[in-house]
Structure formats: C-alpha cells, structure tokens
Amino acid sequence: MPTISMDIVVNGDILATDLIVNDVVLFEAGTILTVPRIEILRALSIAEVTVESRESRGNWLNETLNNIDLRFSYVENIPLMLRMKTWIRDVLINLEANRG
C-alpha cells in the first residue's frame with residue numbers, strides 16, 4: 001500500500017485506507033479516485049493518499065467477473081437473468097477500460 005503524492009494520483013487509483021479530514025471520513029477505503037474526487041482532494045490541500053498497488057488493479061475485475069459467473073450460474077436458463085448477467089459484465093469491463 002504505497003502512500004503517494006497527490007501530484008501523481010491518477011483516475012482509477014483506489015484508496016487503501018479511509019481518508020479522514022478533520023475527524024470526518026471523506027472517502028472510505030476501496031473508493032475509486034475519479035477526476036472529480038481528485039479535484040476535491042486537491043481543493044482541500046490533501047498532500048498524499050494511501051492507495052492500493054497499481055499492479056493489482058486489474059485483479060478485481062477478474063475476481064468480480066468470476067463471482068458474477070458463479071452467482072448467475074443457478075439462473076442462466078432464465079433469459080432475463082442471462083441478459084442481466086451480460087449487462088453487468090459489460091458495465092464492469094467498460095468501467096475498467098475507462099479507469100486509465
């Protein structure tokens with residue numbers, strides 16, 4: 001869990017610990033840092049954050065897709081459920097592709 005300067009934070013970095021400002025949890029661990037969130041942190045003069053390793057960022061997608069396959073395996077013979085599974089997988093894959 002590297003602690004990095006806000007100068008090198010990028011869209012898609014994931015907080016490894018809760019981000020607390022003035023005794024208030026601003027963002028919880030696991031929050032994906034998006035451009036608007038990064039701008040908020042910079043506006044609050046946050047100097048650095050602790051993020052999950054960038055090398056492991058892609059692992060969440062494979063784990064999540066495998067979990068979705070397992071959970072939907074019980075209802076795949078229902079057309080609506082198969083469409084829902086496909087839609088969820090597509091959303092997650094597109095999310096990962098746009099995380100930068």
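Sequential numbering from 1 along the given sequence is applied to the chain's residues.
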### Task
Return each pair, listed once, that meets salt bridge (Lys or Arg N to Asp or Glu O under 4.0 Å) where at least one residue sits in residues 64-79; pairs must be two or more places apart or across chains.
D69-K85, D69-R89, E76-K85

### Query
Taking only residues at least two apart or on different chains, which pairs with a member in residues 27-49 satisfy salt bridge (Lys or Arg N to Asp or Glu O under 4.0 Å)?
none

### Message
Please say yes or no: joined through hydrophobic side-chain contacts below 4.5 Å, possibly via intermediate residues, are I93 and V91 part of one cluster?
### Response
yes

### Message
Could you list the cluster mates of L19? Members are the ILVMFWY residues connected by side-chain heavy atoms closer than 4.5 Å, either directly or through other members.
### Response
I4, M6, I8, V9, L15, V21, L26, F27, L33, I38, I40, L41, L44, I46, V49, V51

### Query
For T50, which residues count as a side chain to side chain contact (heavy atoms under 4.5 Å, CB included) partner, sequence neighbours excluded?
M1, T3, A16, T17

### Query
If you round to the nearest 0.5 Å, how far is CD1 of I14 from OG1 of T31?
9.5 Å

### Query
Between CZ of F72 and CE of M84, what distance do you get to the nearest 0.5 Å?
6.0 Å

### Message
Using a 3.5 Å distance criterion without hydrogens, assess whether the side chain of N67 forms a donor-acceptor pair with backbone atoms of E63.
### Response
no

### Message
How long is the straight-line distance from CG of D13 back to OG1 of T34, given to the nearest 0.5 Å?
### Response
11.0 Å

### Query
For the atom pair CD1 (I78) and CG (L82), what is the distance rounded to the nearest 0.5 Å?
10.5 Å

### Query
Would I32 and V35 show up in the same hydrophobic cluster when neighbours are defined by side-chain heavy atoms closer than 4.5 Å?
no

### Task
Tell me whether V75 is reachable from W87 by hopping between hydrophobic residues (I, L, V, M, F, W, Y) whose side-chain heavy atoms are closer than 4.5 Å.
yes

### Summary
Grouping ILVMFWY residues whenever side-chain heavy atoms fall under 4.5 Å, the cluster of I20 otherwise contains V25

